[in-house]
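First the structure, in the form of structure tokens, and then the observations on it.
Starting from 1, each residue takes its place in the sequence as its number.
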Amino acid sequence: MTADVAVETTPEAPLWNDPDRPVDARVDALIGAMTLPEKIAQLYGVWVGASASGGEVAPHQHDMEEPADLDALLPTGLGQLTRPFGTAPVDPALGALSLLRTQTRIVSAGRFGIPAVAHEECLAGFAAWGATAYPVPLSWGATFDPDVVRRMAAAIGRDMRSVGVHQGLAPVLDVVRDARWGRVEETIGEDPYLVGTIGTAYVQGLESAGIVATLKHFVGYSASRAGRNLAPASMGPRERADVLLPPFEMAVREGGARSVMHSYTDTDGLPSAADESLLTGLLRDTWGFGGTVVADYFGIAFLKTLHGVAGDWADAAGTALKAGVDIELPTVKTFGAPLAEAVADGRVPEAVIDRALRRVLGQKAMLGLLDPDWSPVPSALDGADLDDPEALRGTIDLDRPENRELAREIAEKAVVLLANDGTLPLAAPRRIALVGPNAAEPTAVLGCYSFPQHVGVQHPEVPVGIDLPTLRDTLAAEFPDAEITAVRGTGVDDGDLSGIGEAVDAARDADLVVAVLGDRAGLFGRGTSGEGCDVESLALPGAQQHLLDALLDSGGPVVTVLLAGRPYALGRAAAESAAVVQSFFPGVGGTRAIAGVLSGRTNPSGRLPVSVPRGPGSQPTTYLGARLARASEVSNVDPTPAFGFGHGLTYTSFDWSDLTVEAHEAPTDGEFTLALTVRNTGERSGTEVVQLYLHDPVASVVQPVQRLVGYTRVPLEPGESRRLRVTVPADVASFTGRDGRRIVEPGDLELRLATSSTDATMTATVALTGPVRQVDHTRRFHAAFTQEG
């Protein structure tokens, strides 16, 4: 096989292969030439695994469905290939060759020579063996830095595109409503504006590399009752409109996302996959989304098996298609023979199939998959000898130094210093007791959608594929003159108390204890964080709190370090630890980032994307609560967090001064302009994160006490100051009124410039004047900061 593999064409190539013709015309012509089975074939994928030897992919064996028969399916075509790289460990070059050969087979088997769209997970990096594992999305949120997330997504996208992948199943735009939910690590945080801005940056980066970004899970997945995975969602239309939908609005309008994945959940009895008002009325007719809606894995079949709104597979297929789902993933179940039978007996109009097909083929045309010069050879294999697979092994590097450097930068920006009595940064400690289940565990930095934790754990005979230094390794490098004694103490969740005595002995013999606690990522109960790893309370898993309390009782200073996928209540350690350092599954550069914060090589600048609870049983709660959600004399449950959303300390100090407001009144279609000066008054460089919260004292419906409407990172050298200006459009004060319309009301507002949701430094009282004004998804989303030297 040579590198010039391409679709055979003639001078009389059909209209749909002509890239100079409008996409709509090409798609219409192709649809007009297709049979019903050929149309349906473009609307589903098949779950496959790339061949470890470079041969064609093989259908994946999994417990939800029987593997598909490619020989039977391919003559009519195939819409998508599900996770060829992310199903089993395979050398990237041989995986690319396997995908290439499979695409060649697909093109040759069908009448129209249409390649499949290959999609992969990319929640914390390309989910392929040997690819860089970046920090999880909760760490993206902790950076408060859309630019670095945009650069990361572009790097991930370039790696995916180089080996033949077209679509990425990320980002997750679910807003945290209950931190007991196992998938908190996959989210960006508990505030819709933070989720929207960081998520939109990820979309922009991924799309800039030519990868179709997929927004998920649309909508309400994170609002499940009791934080249980795939449970019904308890929310009213106003919570959905004002908290859960805005990140999707922003990513569609500003990010240019080309795909959306429906949520598994049902809201007030209506499953998302069957919700025509959501998937067609809102997403397409109102927001103007023109891309594809894909099913969450097995989600269409769940309309029959879990939701009970479809009597058979054909009903499930017809219901989803009518609602607006275009593609069944991960494999063919309802959109195959059952859908064809439903068309034949009149239950599903063929026009509904054509509507979905038009979107699918339009996207394939824009990806170049209908062009006459399309080649299955990805850029990473250009010029390679494709007839010698073994010579290809090891020739594609998906974990290059520049990837790892970017992962380290994000990890450093995401480390949050929660508390510090002056013990940090450490000044050349002589004896360190390094205690805890995550102190010497390489995979403690990885989330559940990283390849090693998602797939690699099922293949223990295969090396992990990437370098994962433990915190023990990086601390030894950071403090080469220190004597470090590592003691496990207890497991993450085994409840074992037998090693606590040894840990206490090590603590008493040391100058300092570094307690490294937290989670183990996994799937469906095989971890303490991750999909299907929900918890009943936010107490530290297993016996970790017992270990931590025993270390505090040992008498020496204890620095508590958390490598986790969610926030945990720390009990007395929140106040009694010499310092508390929070890191949310920080990826391959994570332990070096933490070591740098402990030594002072790095000045921490991360801020909490989720509140850290004071007690383990106060959920569900977030900082977005209304007045009734706060502590009161009529309830003995106090939801006040130990550390609030947006909180984070540094090793320097900042002074904020000279707040000015250009005008204290503006019309409901106007804007306010504020300015302030931030000065670094400490002795070392650092970054302040200025956050702007809006408080609406009186509104026609109950509002959160405050909500984030803008933020900016301000890096400053010692003694340096910077003047900040922020333009606050009236649109950011909008909310869903009593009649379901989004409105801006006249009245007084407080604009709180703050270092966190619990620490407002400056407040400007302003007023909106004039009539109530209706706005929609075209409103201005941002309070925009500019910085002057």
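- When only modelled atom types and interatomic distance are considered, Thr712 and Gln787 share a side-chain donor-acceptor pair under 3.5 Å.
- Centroid-to-centroid, the aromatic rings of Phe218 and His262 stay 6.0 Å apart or farther.
- Sequence neighbours left out, the pairs with a member in residues 469-478 that pass salt bridge (charged side-chain N to carboxylate O under 4.0 Å, His left out) are Glu478-Arg601.
- Expressed to the nearest 0.5 Å, how far OG of Ser611 lies from CG of Leu624 amounts to 8.5 Å.
- Among residue pairs with one or both ends in residues 195-216, those qualifying as salt bridge (charged side-chain N to carboxylate O under 4.0 Å, His left out) are Glu121-Lys216, Glu207-Arg258; sequence neighbours excluded.
- Under the side-chain contact (heavy atoms from CB on, under 4.5 Å) criterion, Val709 pairs with Leu692, Leu694, Arg707, Val732, Ala783, not counting sequence neighbours.
- Separation of atoms CE (Met250) and CG (Leu215) is listed at 12.0 Å; rounding is to 0.5 Å.
- Looking at Gln544 and Thr490, their side chains never bring a donor and an acceptor atom within 3.5 Å of each other.
- Judged by distance alone, the side chains of Gln706 and Ser757 never bring a donor and an acceptor atom under 3.5 Å apart.
- In this model, a donor atom of one side chain and an acceptor atom of the other lie less than 3.5 Å apart for Ser529 and Glu185.
- Shortest non-hydrogen contact noted between Val203 and Ala213 is CG1-CB, 4.0 Å.
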Would you list the atom pairs, donor with acceptor, under 3.5 Å between side chains in residues 580-593 and any protein atom, with sequence neighbours excluded?
residue : atom : partner : partner atom : Å
Thr591  : OG1  : Pro469  : O            : 2.9

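- Looking at Asn403 and Asp159, their side chains do bring a donor and an acceptor atom within 3.5 Å of each other.
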Does the side-chain contact (heavy atoms from CB on, under 4.5 Å) test come out yes or no for Ile211 and Ile156, once each step is laid out?
CA-CA 9 Å; Ile211 294 291; Ile156 294 169; over 6 Å; no

Below 3.5 Å, can you tabulate the donor-acceptor pairs from side chains in residues 641-650 to any protein atom, sequence neighbours excluded?
residue : atom : partner : partner atom : Å
His647  : NE2  : Leu418  : O            : 2.8
Thr650  : OG1  : Thr652  : N            : 3.2
Thr650  : OG1  : Thr652  : O            : 3.0

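- Rounding to the nearest 0.5 Å gives a distance of 9.0 Å between CH2 of Trp129 and CZ of Phe451.
- Considering only residues two or more places apart in sequence or on other chains, Arg158 meets the side-chain contact (heavy atoms from CB on, under 4.5 Å) condition with Ala154, Ala155, Ala209.
- Applying the salt bridge (charged side-chain N to carboxylate O under 4.0 Å, His left out) test to pairs two or more places apart or on separate chains, those with a residue in residues 512-532 are Arg183-Glu531, Asp493-Arg520.
- With sequence neighbours excluded, the residues forming a ring pair (Phe, Tyr, Trp, His ring centres under 6.0 Å) with His217 are Tyr221, listed by chain and number.
- Aromatic ring pairs are classed by plane angle as parallel below 30°, tilted from 30° to 60° and perpendicular above 60°; the pair Trp140 and Tyr202 is parallel.
- Note on Arg150 versus Asp147: salt bridge recorded, some NZ/NE/NH1/NH2 to OD/OE distance being below 4.0 Å.
- Atom OG1 in Thr755 sits 7.0 Å away from atom CD in Gln691 (nearest 0.5 Å).
- Listed by chain and number, the residues in a side-chain contact (heavy atoms from CB on, under 4.5 Å) with Ala575 amount to none (sequence neighbours excluded).
- Contacts of His166 classified as ring pair (Phe, Tyr, Trp, His ring centres under 6.0 Å), with partners at least two apart in sequence or in another chain: none.
- A search for side-chain contact (heavy atoms from CB on, under 4.5 Å) contacts involving Arg713 returns Asp145, Lys413, Ser605, Thr687, Val689, not counting sequence neighbours.
- Rounding to the nearest 0.5 Å places OG of Ser450 at 10.0 Å from CG of Leu123.
- Remark: Tyr134 engages no residue in a ring pair (Phe, Tyr, Trp, His ring centres under 6.0 Å) (not counting sequence neighbours).
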